[in-house]
Each structure stands twice: as C-alpha cells, then as structure tokens.
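Being a predicted model, the structure only gives us computed values, none of them experimental. A, B, ... follow the sequence lines: proteins, then strands. Residue 1 opens every chain.
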2 protein chains.
Amino acid sequence: MGVEAGPAREPSIIDVARRAGVSHQTVSRVLNGHPHVREGTRHKVLSAIGELGYRPNRAARALVTGRSQVLGVVAPRTTLFGPVSLLAAFEEQAAEAGFTVIVARLRTFDQASTGNAVRRLLDQRVAGMAVIAPVASAIDALRELPSGVPIVTVDSGPDRLRPAVNVDQAEGARLATQHLLDAGHATVWHVSGPSDWFDAAERMAGWSDTLRRAGLEPPPVVPADWTSAAGYRAGQLLGRMPEVTAVFAANDSLALGLLRALHELGRSVPDQVSVVGFDDIPEAEFLVPPLTTVRQDFESVARQGLDLLLAQLELRDGQESRIIAPVLVERASVAPPAAQG
Amino acid sequence: MGVEAGPAREPSIIDVARRAGVSHQTVSRVLNGHPHVREGTRHKVLSAIGELGYRPNRAARALVTGRSQVLGVVAPRTTLFGPVSLLAAFEEQAAEAGFTVIVARLRTFDQASTGNAVRRLLDQRVAGMAVIAPVASAIDALRELPSGVPIVTVDSGPDRLRPAVNVDQAEGARLATQHLLDAGHATVWHVSGPSDWFDAAERMAGWSDTLRRAGLEPPPVVPADWTSAAGYRAGQLLGRMPEVTAVFAANDSLALGLLRALHELGRSVPDQVSVVGFDDIPEAEFLVPPLTTVRQDFESVARQGLDLLLAQLELRDGQESRIIAPVLVERASVAPPAAQG
DNA sequence: GGCCACATTGTTAACGTCAATATTCTCTGC
DNA sequence: GCAGAGAATATTGACGTTAACAATGTGGCC
C-alpha cells in the first residue's frame, strides 16, 4: 500500500487534503468553519482528519494570523486560599472558553519582579492578560509597562486606568463589623492584613467607616500579615485586654491563630470574645467554635474577569469594571457580649 | 528620519538584521548563541535588538524547529494544600529553567476527563508532561494514551511504566504511627483519605504495617475524604469510644475536624486522645492544640519531577523514579495515654 | 440556450524563524 | 604574495497555516 517508513512526522493539513482529495485550503476552511463548503466535501475532510489523527499546529496558525488563543495570568506564588481559588477558577473557565492559560508566578510584588512577569507573558505573545496582584506596587508597575495587549486586573483593587474586577472588600468588612455591632458589642477591634495589600486596606477602611458611621471612634488596629502566626500574636495581645469583646480578623487564617491565643488565655469564644474572619476557607466551619466569616465568590470573580478580558479582545461592549458583593456566613463565633463586660 | 507610520508590526529578525547591517541569519546565530560570530558583530546585533525592543517570535521558532519550550501539567482542580503547593513549586521551577507551563485542570479523575486533559496538552504540542493525578484511575488512563512526549507522574504513586516522583507516603504514615506507639498508646486508629487516592492508600498501608510489625491487629479504619467535615464526623464516632486514645488522620484538614469533634465531646487533646495529621498546612501549628504532623517537601518533589522530565527530554541519565522522605513535625497533640485509659 | 450571480474549490504568497548550503573574508605558512 | 584552511557571513528553502485572489461549477431567469 505504498506506506513510507518516515520519521513519523505529525500529519499536516496537506496530508489531510491529499487523503480527502481536496486542496489544503478547503481543509483550512472546514477547520475554521467557513461557509461555502459543500456538505459532502466537509464530510470527506472530517473523516480524513479522523483517520489521520490530525491536530492543527497552533504555532503555524499563530504565526500566520498574528494572534494566539493564549491568555496570561500574573499570580502571587502563595498557597493562600483566596489567590489559589481565584487562579484555579480562572484557569478552568478560560479553558472552557477555548483559551490556553500560562501563569507567571510572583514571589514579591516589587516593580522589577512584576515587570519581569509581565515581560515573560508578553514574550509568549499572549492575547491578553489577567493580573492577580493584590498589592499596590505591582499594579503601579503595570502602568510603566508598554502593554500592547488587553489587561484586566482581578482582585487587585480598583484601577482608574484599566478595567478591573473586584470583590467589594469594604462591604465585606462592613458586614462583619456591623454584625458584631448588631450583636451588642460596644466596639469592634481589627486585626489587619499586610497594609500594602489592597484587600487589607479596603477591609480596614470598611471596618473603620462602619464604626464611625455608628458614632464610634475605631480602636487602634492590630497590624499583622495573613498568617495564623500573626493572628496568634494578635490574640495574645487582645486576649489580655478585658475590654476587647469583638474582633474582626482580616482573614480566616488570622482568625484561626487568634482563636488559639484566646483559648490559651482562657477567653471563651464566643461567650467572652466574638470573632469574625474573612474568606470562608473550607476549614472555617470546623474550627472551635465554627467561624463566622465573609465569603467571596471566586468563581464569579473569575468569570467576570474572563468576560471583561474577552470583551476587550473582541472589542465588544461590557468593558466596565465590575464589583462582586461578598456575603456574611453566620456560624458560632459571634454572640452578644457577656453581661459583666 | 524616514519613519513609516505602519500598523506597529512587532519587529522581526529581519528588522534587527537591517538595523545592524547584517543578514538575518547572523541575528539568528547571535540569538541562539552559535559560535563563529565576531564580537563586534554580536555587539551590533545586540544593540539593534535593544533599540528595537525585539523579542523572538516563539510561534515561528516552534514551527520551524518542531520543538517547543512548553511543558504541560495535569493537576487536580482543587484548593487542597498538597496539590496546590506542588503545582506552584513546579511552575516556579520550570519557569526558572526557561520553560513555559500550561496546566490542564482535572475536576474528576475518570478516564474520559484525564484523556481530555492530556489531549488538550498534546494539542498544544507540549515538549513534555508532568501528571499530578493522585488517583489510580487517572494514571490508568495515561496507559491508554498515545503520548508521543515524555511523561512524568508526580505525587501520583509508583508507576511501573513511567518514571515517577513520590513522597514516601507509607514511611510518613509509619513515622506518625510509630510516634504514637512510642508515646505508649496501646494501638492507633486511622481516619483515612478517599480510598481511590494513592496517598490515602499508601498512608493506610503504612499505618497498618506499622501496627502489625508491632504485633498489633489494626483496628477498623474510619473512611473519610480529605475534608474537615469528614474529619469532624470521624471524630464524633471515635470520640465516643473510650478505648480510642490515639488517632492518625490522613491529612491535617481531617485532623482539624477531628479536633473540633473531640473538643465538643469533652475529650481533651492530647491528655485523653493524641492526634497526628499529615501535610503540615501553615495553620497546623496554630490549632488547639498545635498539631503534630508529617511534612512533605513539595519544593523538592517538584524539583525532582522537573529534573526527571528534563532528563527524558534531553535523553540524559537520571531517568529513574525517585522517592522523597517525609519528616515528622512534633508539636503538642501527642502525649502518653492517660493513666486510667 | 445563454448569461449572470453566487457558491464552491483551487493557487499563490505570506508569516518569522532556523538549518543547510553557499559565499566571502582573514589568517597562516611557505 | 599566494594557496589553503577555517572563520565569518549571506542566501535559500523549508515549517504549517491562513488570506487574498483566481478559477471553476451550478442554477435561475429571460
């Protein structure tokens, strides 16, 4: 049957054309769903493709069209629940929309690393970029960069220059703080995230605004980072202050460390101290006590971010920034303050 | 100065050549570090590259060479600490080695989804693939697939057919179990992960082997998945059994749920019940009590996995499977059994 | 039955790069 | 100062695809 024993080159559009008895351009038309292909012809081509196990060469396609079906994502190199969830959701949804995703990981958010990450993605000729860089300096670095491609910032704070998708962090903080006030607490203390993170700043702002709006002067913030260790230290501090009856922790890991410190100090939660976290990590429900917290819908953030990016790519409408509302998840770590302060 | 107002086409190797006053092939030689380029020429080319902001077109390069600097990873679509850490480490190290990584996420591990994921990566003409699919069925699916490219399985169990990198899960379980026995417990109970996961099976095997080697018949396994919810349910069961004084949980999330249940049942940890987890999630140290657990070095797993893959790509030595030893992290959740059982 | 419109197919020329093959320098040795 | 051997550079031709354009077929209408 004239079988050549070649070095197993992958079949090309030409091989398919030969087998189907048409020109390679007709194959291309079938591949790209162009009109004006007779049904019988289309069928012949399709079966040739099947028999040969042909798969289009994306490099060749990208070369000739100058476009790629690749999206880049800049994401922090961390195992924090928020960024991880968001990234996974974005990757999954981009794949469903037919895009390939490449990720540039960021260990630090300084100008140089951010610039390098973006350049790496640009080197890959990505069609567009989503930036998950929840730190102001990283977003600033973007400003300096000659982009050339559409960029969306996701969960990285509002941006006057680019479309952005964000969870309303301040609103989440408001929900948490107000919930504690509504339970009857005289005021609410706050253990904050690292101050250069946008979410941390917004949560802090939402917290203090809520207090002020209730006619209260916010107590001093306990600064921390996102770790349980920092939460533990904060708890050792706050737990020794009898006037502290309600604490809003900037995320669930902090709250977890806080709970441990309060426990060690013999301060019962929620009887003596109420605690609210942020994120709703899968473990939150099973802490002692089950943690009241604020949930962010990362699926939705990812979907909106992708949609925003695609809107830019396709030059269609819907390029305005979007805000996602968080939601309070009530569990057992909040109660009215004990009668005797 | 003869500036053309074109549609801002990206500069090509030809533009660089023109600017440097050499042929495009010379530019190519400089780009690829070939010998026989005069120092002065190299310098001219390099500055032309800088002035033009030229970046090589990878699509063109991939097209002509038939190779790509892209690695594919199949990874579960989850926020579990283990897979997430491993994936992040692999991505980072691959990037350092000059490779681009694309990830195919797996929601379920059945033959069909695994096949699709692999095919998606193959469509992208990846040079090699790392598979993080800690479930037997997924690894089986690989066997059916015409690969064409080197594949390494990582943290997915030993594989007779392919090189693999794994943490010695059984050894980790042995460390945990033996540690509890050494503390004086009569036996050790086990809350297992989902039985189709390789790690879960190995940890169970390591646990029961250790008991048998100590002359003990393993008590019934409490089956669970990886979630805190399942750990909580297991704890409600085990906590009611006075003879249970030591529990090895297949991961830290399970242990966390377990701790809550024990706490609710008034069983003190570690005074009445000792608990050991697995993974050493960042929160483990701040649970009540701080959790003794087994740490896996995912950085190292990723490094070995990448190295194994590159060894195959470059047809060099070092293609044998590798095993990474886990390590016991002692904290406060283990103590000798109470005097009165 | 001839002509026109349009549907269908084919042909040719890029896209940017590297490999293979020429060509032109630049020495070295005598 | 000329041959010959390399070194250094240039020229040409793929790679697999799509776009632009050219060519052919097909039917309807008068």
Side-chain angles (χ1 to χ4, degrees), chain A residues 6-46 48-49 52-70 100 122-127 148, chain B residues 6-46 48-49 52-70 100 122-127 148:
Chain A
R9 186 177 53 81
E10 291 260 308
S12 80
I13 207 175
I14 303 273
D15 302 312
V16 174
R18 193 152 32 220
R19 177 150 196 141
V22 299
S23 78
H24 67 113
Q25 177 57 15
T26 297
V27 177
S28 172
R29 272 190 280 257
V30 171
L31 249 24
N32 295 284
H34 285 189
H36 308 319
V37 178
R38 211 191 303 274
E39 194 46 47
T41 312
R42 173 190 311 278
H43 194 258
K44 274 191 300 182
V45 170
L46 255 20
I49 287 177
L52 258 34
Y54 163 81
R55 37 182 93 230
N57 184 320
R58 308 212 182 203
R61 192 176 275 178
L63 178 59
V64 70
T65 62
R67 273 165 283 128
S68 76
Q69 289 283 90
V70 178
T100 301
L122 256 24
D123 276 354
Q124 303 287 337
R125 300 289 210 277
V126 296
Chain B
R9 185 178 52 81
E10 291 261 305
S12 81
I13 208 176
I14 304 272
D15 301 313
V16 174
R18 195 152 32 218
R19 178 151 195 139
V22 299
S23 80
H24 65 110
Q25 178 56 17
T26 297
V27 177
S28 173
R29 273 190 282 260
V30 170
L31 250 23
N32 294 285
H34 286 190
H36 307 319
V37 178
R38 211 192 304 272
E39 193 46 48
T41 311
R42 174 190 310 277
H43 193 258
K44 273 192 299 183
V45 170
L46 255 20
I49 287 177
L52 257 34
Y54 164 81
R55 35 181 94 230
N57 183 322
R58 308 212 181 201
R61 190 175 277 177
L63 178 58
V64 71
T65 62
R67 271 166 285 126
S68 76
Q69 289 284 90
V70 178
T100 301
L122 255 25
D123 275 353
Q124 302 289 335
R125 301 286 209 279
V126 295

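- B:Val16 places none of its side-chain heavy atoms less than 4.5 Å from the side chain of B:Val22.
- Straight-line distance from the NE2 atom of A:His34 to the P atom of D:dA20: 10 Å, rounded to whole Å.
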Identify all pairs in which a protein N or O lies below 3.5 Å from an N or O of nucleotides 7-9 of chain C, and state each distance.
residue: C:dT9; atom: OP1; partner: A:Thr41; partner atom: OG1; Å: 2.5
residue: C:dT9; atom: OP2; partner: A:Arg38; partner atom: N; Å: 3.3

- Show your reasoning for whether side-chain contact (heavy atoms from CB on, under 4.5 Å) applies to A:His34 and A:Thr26. CA-CA 9 Å; A:His34 285 189; A:Thr26 297; over 6 Å; no
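- At a cut-off of 3.5 Å, with distance as the only test, no side-chain donor of B:Thr100 or B:Gln69 sits close to an acceptor on the other residue.
- Across its full length, the helix from C:dG1-D:dC30 to C:dC30-D:dG1 shows an angle of 40° between the axes of its 5 terminal pairs at either end, rounded to 10 degrees.
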Could I get a table of every N or O pair under 3.5 Å where one atom is in the protein and the other is in nucleotides 12-16 of chain D?
residue: D:dT12; atom: O4; partner: B:His24; partner atom: NE2; Å: 3.3

- Task: Just do the side-chain contact (heavy atoms from CB on, under 4.5 Å) check on B:Arg58 and B:Leu63 with the steps written out, would you?
- Result: CA-CA 8 Å; B:Arg58 308 212 181 201; B:Leu63 178 58; over 6 Å; no
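- A:Thr41 places no side-chain N or O within donor-acceptor distance of the main-chain N or O of A:Val37, the cut-off being under 3.5 Å.
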- Task: Please assess B:Val70 against B:Gln124 for the test side-chain contact (heavy atoms from CB on, under 4.5 Å), listing each intermediate value before the final yes or no.
- Result: CA-CA 8 Å; B:Val70 178; B:Gln124 302 289 335; 5.7 Å; no
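- Here the side chain of A:Ser68 pairs a donor or acceptor atom with the backbone of A:Arg125 at under 3.5 angstrom.
- Surrounding CZ of B:Arg55 are more than 12 heavy atoms belonging to other residues, nucleotides or ligands, all under 6.0 Å away.
- By the 4.5 Å heavy-atom criterion applied to side chains, B:Leu31 and B:Tyr54 are counted as neighbours.
- The closest donor-acceptor contact from the side chain of B:Asn32 to the backbone of B:Arg29 lies at 3.5 Å or more, if one exists at all.
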